[in-house]
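Every chain is numbered from 1 and lettered A, B, ... according to where its sequence line falls, protein lines coming before strand lines.
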Amino acid sequence: NAGVMQNPRHLVRRRGQEARLRCSPMKGHSHVYWYRQLPEEGLKFMVYLQKENIIDESGMPKERFSAEFPKEGPSILRIQQVVRGDSAAYFCASSRPGPASNEQFFGPGTRLTVL
Amino acid sequence: KQEVTQIPAALSVPEGENLVLNCSFTDSAIYNLQWFRQDPGKGLTSLLLIQSSQREQTSGRLNASLDKSSGRSTLYIAASQPGDSATYLCAVRPDNDMRFGAGTRLTVKP
């Protein structure tokens with residue numbers, strides 16, 4: 001059973017470009033979470049999605065950021081018109097459907113560098 | 001608002017020493033608490049998960065305790081090794097998300 005997969009592992013963008021980060025949850029997991037780790041800081045929650053639904057986006061910046069988790073395919077975190085401050089490691093986690101006590105399993109992360 | 005604090009921020013010990021990392025959180029209403037290890041430039045490795053109804057979990061040389069009422073958790077590492085050098089993160093789950101501390105950067109010197 002493969003773990004949570006994220007791609008690309010490293011992504012370089014110039015200011016103003018778009019960044020698309022993908023996350024494939026573990027088999028049997030229908031809940032996906034995105035976190036951001038800025039340099040020298042802890043991980044911060046961004047958004048929680050279930051299939052075709054955004055459940056909690058309280059940690060998502062109001063502009064330029066969006067997330068989706070379609071019925072088929074991976075979850076996508078999209079950052080439009082990237083700026084240098086978006087440079088960070090973006091981690092995806094997944095969990096089984098069920099209570100909030102279910103463990104979240106983390107992917108290896110995508111490291112975004114904005115030039 | 002749930003805040004997670006880890007003390008110390010950095011720790012350097014000689015090989016073979018037993019050590020304790022501390023984590024505190026401000027709101028005892030959590031579903032679980034988890035300790036992770038993160039190597040530089042890498043992802044998170046889950047070490048131990050303690051559900052809110054549990055008091056401790058053990059795995060090999062690691063033992064984690066949870067005292068919800070006081071908002072504290074400790075990670076005990078026995079007989080430390082240079083390979084244990086990493087940043088250790090504590091996270092609690094109050095709701096949909098997990099709240100992370102800033103981590104303790106551990107260096108074990110040979």
Side-chain angles (χ1 to χ4, degrees), chain A residues 2-10 21 23 26 30-50 53-60 67 69 87-113, chain B residues 1-10 21-54 57 59 64 66 68 73 86-105:
Chain A
V4 178
M5 298 176 68
Q6 291 187 246
N7 68 83
R9 296 290 303 275
H10 300 272
L21 289 63
C23 170
M26 288 177 67
S30 58
H31 295 193
V32 166
Y33 314 78
W34 286 93
Y35 295 82
R36 178 167 66 174
Q37 186 177 34
L38 294 167
E40 305 301 321
E41 292 189 18
L43 277 79
K44 298 285 195 298
F45 168 76
M46 298 180 75
V47 62
Y48 162 43
L49 309 103
Q50 295 177 17
N53 285 303
I54 296 174
I55 306 302
D56 181 351
E57 55 182 351
S58 58
M60 193 90 105
F69 189 18
S87 295
Y90 292 82
F91 291 96
C92 166
S94 73
S95 70
R96 293 192 308 271
S101 56
N102 282 347
E103 184 176 358
Q104 294 184 18
F105 293 82
F106 282 77
T110 293
R111 277 157 184 81
L112 172 66
T113 301
Chain B
K1 182 185 172 186
Q2 180 72 269
E3 301 279 349
V4 181
T5 304
Q6 291 188 245
I7 294 173
L21 307 181
N22 296 291
C23 173
S24 61
F25 47 97
T26 54
D27 189 339
S28 62
I30 62 171
Y31 288 99
N32 54 47
L33 181 145
Q34 199 162 354
W35 283 92
F36 296 87
R37 169 188 172 136
Q38 185 175 30
D39 293 283
K42 304 293 184 183
L44 280 68
T45 300
S46 178
L47 298 174
L48 292 163
L49 170 71
I50 311 176
Q51 297 291 355
S52 62
S53 59
Q54 297 174 324
Q57 285 286 337
S59 176
L66 173 63
K68 264 183 47 175
S73 175
T87 295
Y88 290 80
L89 300 172
C90 165
V92 298
R93 186 161 186 187
D95 200 342
N96 296 319
D97 61 311
M98 295 188 74
R99 303 288 174 90
F100 285 80
T104 293
R105 188 175 300 175

### Message
Just checking A/F105: does its CZ atom have more than 12 heavy atoms from other residues, nucleotides or ligands closer to it than 6.0 angstrom?
### Response
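Atom CZ in A/F105 is crowded, with more than 12 foreign heavy atoms closer than 6.0 Å.
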### Query
What do you reckon, is CZ of A/R111 surrounded by more than 12 foreign heavy atoms closer than 6.0 Å?
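Yes, enclosed.
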### Message
Go through it in stages, so that I can follow the logic: the residues are B/F100 and A/F45, the test is ring-ring contact (aromatic ring centres under 6.0 Å, His included), and I'd like the CA-CA distance, side-chain angles, deciding distance and then a yes or no.
### Response
CA-CA 9 Å; B/F100 285 80; A/F45 168 76; over 10 Å; no
### Message
Quick check against the 3.5 Å criterion: does A/Y35 have a side-chain atom that pairs as donor or acceptor with the backbone of B/M98?
### Response
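Indeed, once roles are kept as given, a pair shorter than 3.5 Å links the two residues.
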#### Entry: Over all atoms of both residues, closest heavy-atom pair of A/E103 and B/S46
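Answer, listing the atom of A/E103 first, then B/S46: OE2-OG, 3.4 Å.
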### Check against side chain to side chain contact (heavy atoms under 4.5 Å, CB included), B/L44 and A/L43
CA-CA 10 Å; B/L44 280 68; A/L43 277 79; 4.1 Å; yes
### Task
Check whether B/Q38 gets within reach of chain A through its side chain, its backbone, both or neither, counting any heavy atom under 4.5 Å.
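Looking at B/Q38, just its side chain touches chain A.
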### Point-to-point distance, once rounded to the nearest 0.5 Å, from CG of B/N96 to OH of A/Y33
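Atom-to-atom, B/N96:CG and A/Y33:OH are 6.5 Å apart.
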### Query
Out of curiosity, B/L49 CG to A/N102 CG, how far, rounded to the nearest 0.5 Å?
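Atom-to-atom, B/L49:CG and A/N102:CG are 9.5 Å apart.
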### Message
Looking only at side-chain N and O atoms, does B/Q34 offer a donor or acceptor that is under 3.5 Å from a partner on A/Q104?
### Response
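Short answer, no.
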### Query
Measuring heavy-atom distances to chain B, does A/Q6 have an atom under 4.5 Å in its side chain, in its backbone, in both, or in neither?
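Contact with chain B involves no heavy atom of A/Q6 at all.
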